[in-house]
Amino acid sequence: MLPPRKTAVARPVEVTYDGKEFLSNRKNVVKDSYFTSSSWLPPRKARLCRVAGALFLLAAAIMPGVIAFAGLTPGASPVCGGGYGCMWNMRPTTLLPEETRMGIELSPAARRTFEAYAMRPDVRLGLAAVDAITSLPFAVLLLSVGLALRRLGGRGADTLAQALPWLRRASMAAMVWTLLGPVYESVLETLLSPGTPDGLSFITTFYLADIAGGLLLAFAAYAAIWAVEAGLKAQRDLDDFV
């Protein structure tokens, strides 16, 4: 007769979790997975962002030269053909409104008078200052976009959060640039008016339809960036809470 077989009885194993330690480890895992990745974008797209950012920064760097060029060569534009290649042709009358320009173009004497006025050193300096009204906000726009793209394509933690403030500044610069468009037109026409047959006159040019589209687009970009920033902040607060 065989001896009775012993049966193993599984006993429950008690596992004790330290609540604070568990939550702390979970919070660290979330942070490590979200904020400490080597790059927010894939390597190829990150490289493209850095290259595009460098181009925007280069464009912003040449804007002071654009302002100086506006004063040195009033109304200059490239002209190609005629067997002489391409060259810059200065036509100060192109800076005037179409109606005023057509009246001056029809009178050789009025055209010579206006061109002589536009070539005066003080008028050239004024033209450079007037060009700065819109060129400087545009330079800030280019600079902000370039730095945002460089941050977005960089390596390290939280690259998106580093890029968003620069994109917000770019949208604000776009608003300022759009709003200063009518100011630029008004000051330019007032500056050039002494050289026209009508003489000095203070001109105010403002057409809401010309700036409404650009202003709405800039505001929409600002609102979208603000929403993304708010979402990232809420995510951080949730991670800290968890």
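If you read the sequence from its start, that first residue is 1, and numbering goes on from there.
- Atoms CH2 and CG, on Trp177 and Leu142 in that order, are 8.5 Å from each other to the nearest 0.5 Å.
- For Thr100 (side chain) and Leu96 (main-chain N/O), no donor-acceptor pair under 3.5 Å exists by modelled atom type.
- Atom CD1 of Ile211 sits about 10.0 Å away from atom CG of Leu180, to the nearest 0.5 Å.
- If you check the side chains of Thr93 and Glu105, you find a donor sitting under 3.5 Å from an acceptor.
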Any chance you could lay out the side chain to side chain contact (heavy atoms under 4.5 Å, CB included) test for Leu127 and Leu188, step after step, and finish with the verdict? CA-CA 7 Å; Leu127 289 174; Leu188 179 62; 3.5 Å; yes
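- The side-chain heavy atoms of Met119 and Pro74, taken from C-beta on, include a pair separated by under 4.5 Å.
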Worked verdict on Leu125 versus Asp122 for side chain to side chain contact (heavy atoms under 4.5 Å, CB included): CA-CA 5 Å; Leu125 183 61; Asp122 57 336; 5.7 Å; no
inquiry  = Run Val145 and Leu149 through side chain to side chain contact (heavy atoms under 4.5 Å, CB included) and show every step you take.
reply    = CA-CA 6 Å; Val145 173; Leu149 289 174; 4.1 Å; yes
Show the numbers, then the answer: is there a side chain to side chain contact (heavy atoms under 4.5 Å, CB included) between Phe219 and Leu215? CA-CA 6 Å; Phe219 183 78; Leu215 194 60; 5.8 Å; no
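- Counting heavy atoms from C-beta on, the side chains of Leu141 and Phe138 come closer than 4.5 Å.
- Considering CG of Leu200 and OG1 of Thr190, their distance stands at 8.0 Å, rounded to 0.5 Å.
- Between Phe206 and Ser186 there is no side-chain heavy-atom pair separated by less than 4.5 Å.
- Val66 and Phe69 are assigned to two separate hydrophobic clusters, defined by single-linkage of ILVMFWY side chains at heavy-atom distances under 4.5 Å.
- Here CD of Gln162 is found 13.0 Å from CZ of Arg150. Values are rounded to the nearest 0.5 Å.
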